[in-house]
Amino acid sequence: MAPLLLGKLLVHRTPAGILAGRIVEAEAYLGPHHPTPDPAAHSHRGPTPRNEVLFGPPGHAYVYSIYGRYFCMNVNCEPEGMAGGVLFRALDPVAGIPQMARNRGLSANAPHPAIASGPGRLCEALGLTRARHNGLDLLDPASPLQLRDDGFSVSEVCVTERIGIRQAADLPLRFALPGHGCVSGRKSLTGNCVSLV
DNA sequence: AGGCCGATCCTCT
DNA sequence: GAGGATCGGCCTA
């Protein structure tokens, strides 16, 4: 699911207008049901009050706080009872760009890569919090937070190790659009790209 | 009840 | 490249 989510739109309807960005980087985290152990996954040790959304029906947002200051967002990508998720790591801003920049404390004409490149930046730009957005159905047309396909075509995807974790750091579960300026991190993506066709 | 640490970001060198 | 901010969640006693 993680590579297939690249190129899709993440859309947030807010009182201040529509905020949206194209997903250019995502990471997969494997649930305890999966044959490959993934101790870095929040669901790895089973359900808790924090991660219960991951064990619910798919297509719902799992938003959690990290380091006391930031939020990160996943979409649940497994059937009910299983708990795999995809972390959205970076967006290319598409709509409501000045407001997204303002949410980040940046000037309205800030360069795109400064706005939502990184999972904490992404949530801050879109104005997402656990209190307001955890558990929302991203596939419900009535939801203020949605995943959408606008027909954008992705022909090639890069694969690397995941960023910012210690456990299971060697699993090749980070995916990004090759050469896109809004992808986070400094690791080179060259040589790890595959054609989707 | 206490302690440790994280799917981060920003600043400074 | 290194270090601090900052706090909720999960483990241990």
Side-chain angles (χ1 to χ4, degrees), chain A residues 1-3 5-6 10 21 23-34 36-56 58 60-78 82-93 100-107 110-136 138 145 147 157-177 181-189:
Chain A
M1 280 306 298
L5 283 165
L6 296 180
L10 193 52
I23 300 163
V24 299
E25 179 185 357
E27 285 179 349
Y29 287 85
L30 309 176
H33 68 281
H34 198 280
T36 301
D38 184 4
H42 287 186
S43 59
H44 182 66
R45 295 171 184 256
T48 69
R50 176 173 72 149
N51 67 20
E52 64 177 356
V53 171
L54 287 174
F55 287 87
H60 289 245
Y62 166 51
V63 182
Y64 67 93
S65 64
I66 186 69
Y67 295 106
R69 303 173 61 119
Y70 303 101
F71 295 97
C72 295
M73 176 193 173
N74 295 236
V75 57
N76 177 5
C77 290
E78 296 283 3
M82 303 181 190
V86 171
L87 170 73
F88 298 131
R89 285 199 55 93
L91 300 180
D92 183 0
M100 291 174 72
R102 183 179 173 180
N103 287 348
R104 289 263 300 122
L106 303 171
S107 65
H112 283 201
I115 295 178
S117 298
R121 293 171 165 184
L122 183 155
C123 285
E124 191 169 47
L126 289 179
L128 305 180
T129 64
R130 174 170 174 86
R132 290 174 54 189
H133 303 284
N134 187 51
L136 289 181
L138 299 176
L145 185 59
L147 271 174
V157 166
C158 291
V159 186
T160 75
E161 298 175 349
R162 294 176 294 185
I163 288 181
I165 57 172
R166 302 177 58 100
Q167 308 203 42
D170 55 327
L171 296 181
L173 294 176
R174 171 174 174 251
F175 303 89
L177 296 188
C182 291
V183 174
S184 75
R186 296 168 187 171
K187 286 186 180 180
S188 171
L189 300 173

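Note that CG of L54(A) and OH of Y62(A) are 5.5 Å apart. Values are rounded to the nearest 0.5 Å.
A gap of 22 Å separates the P atoms of dG2(B) and dT6(C), to the nearest Å. Taking the C1' atom of each, dC5(B) and dG3(C) are spaced 16 Å apart, rounded to whole Å.
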Strictly under 3.5 Å: I want the nitrogen or oxygen pairs between protein and nucleotides 2-5 of chain C, one per line.
none

Would you list the protein and nucleotides 8-13 of chain C atom pairs, both N or O, that sit under 3.5 Å from each other?
from, atom 1, to, atom 2, distance (Å)
dC10(C), OP1, T48(A), OG1, 2.5

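Residue R166(A) has no polar side-chain atom (N or O) positioned under 4.0 Å from OP1 or OP2 of dA7(B).
One interatomic measurement links the two molecules: NE2 of H44(A) to P of dC5(B), which rounds to 18 Å at whole-angstrom precision. E27(A) places its CD atom 8 Å from the P atom of dT8(B), with the value rounded to the nearest Å. The separation between I66(A) atom CD1 and dA7(B) atom C1' is 6 Å, rounded to whole Å. Look at CZ on R89(A): it is 9 Å from C1' on dT8(B), rounded to the nearest Å. In this entry the distance linking CZ of R174(A) with C1' of dA7(B) reads 12 Å, nearest Å. Atom-to-atom, CD1 of I163(A) to C1' of dC9(B) comes out at 13 Å; the value is rounded to the nearest Å.
R104(A) places a side-chain N or O within 3.5 Å of a backbone atom of I115(A) that can act as its donor or acceptor partner. At distances below 3.5 Å, not a single donor-acceptor pair connects side-chain atoms of N74(A) with backbone N or O atoms of G85(A). Of the possible polar contacts, none joining the E27(A) side chain to the R89(A) backbone as a donor-acceptor pair under 3.5 Å is found.
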Pair pattern of DNA chain B in dot-bracket, where unpaired bases get dots and | marks partners in another strand, Watson-Crick or G-U under 3.5 angstrom
||||||.|||||.
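Each of L171(A), L173(A), I165(A) was compared with Y29(A) under the side chain to side chain contact (heavy atoms under 4.5 Å, CB included) criterion, and only I165(A) meets it.
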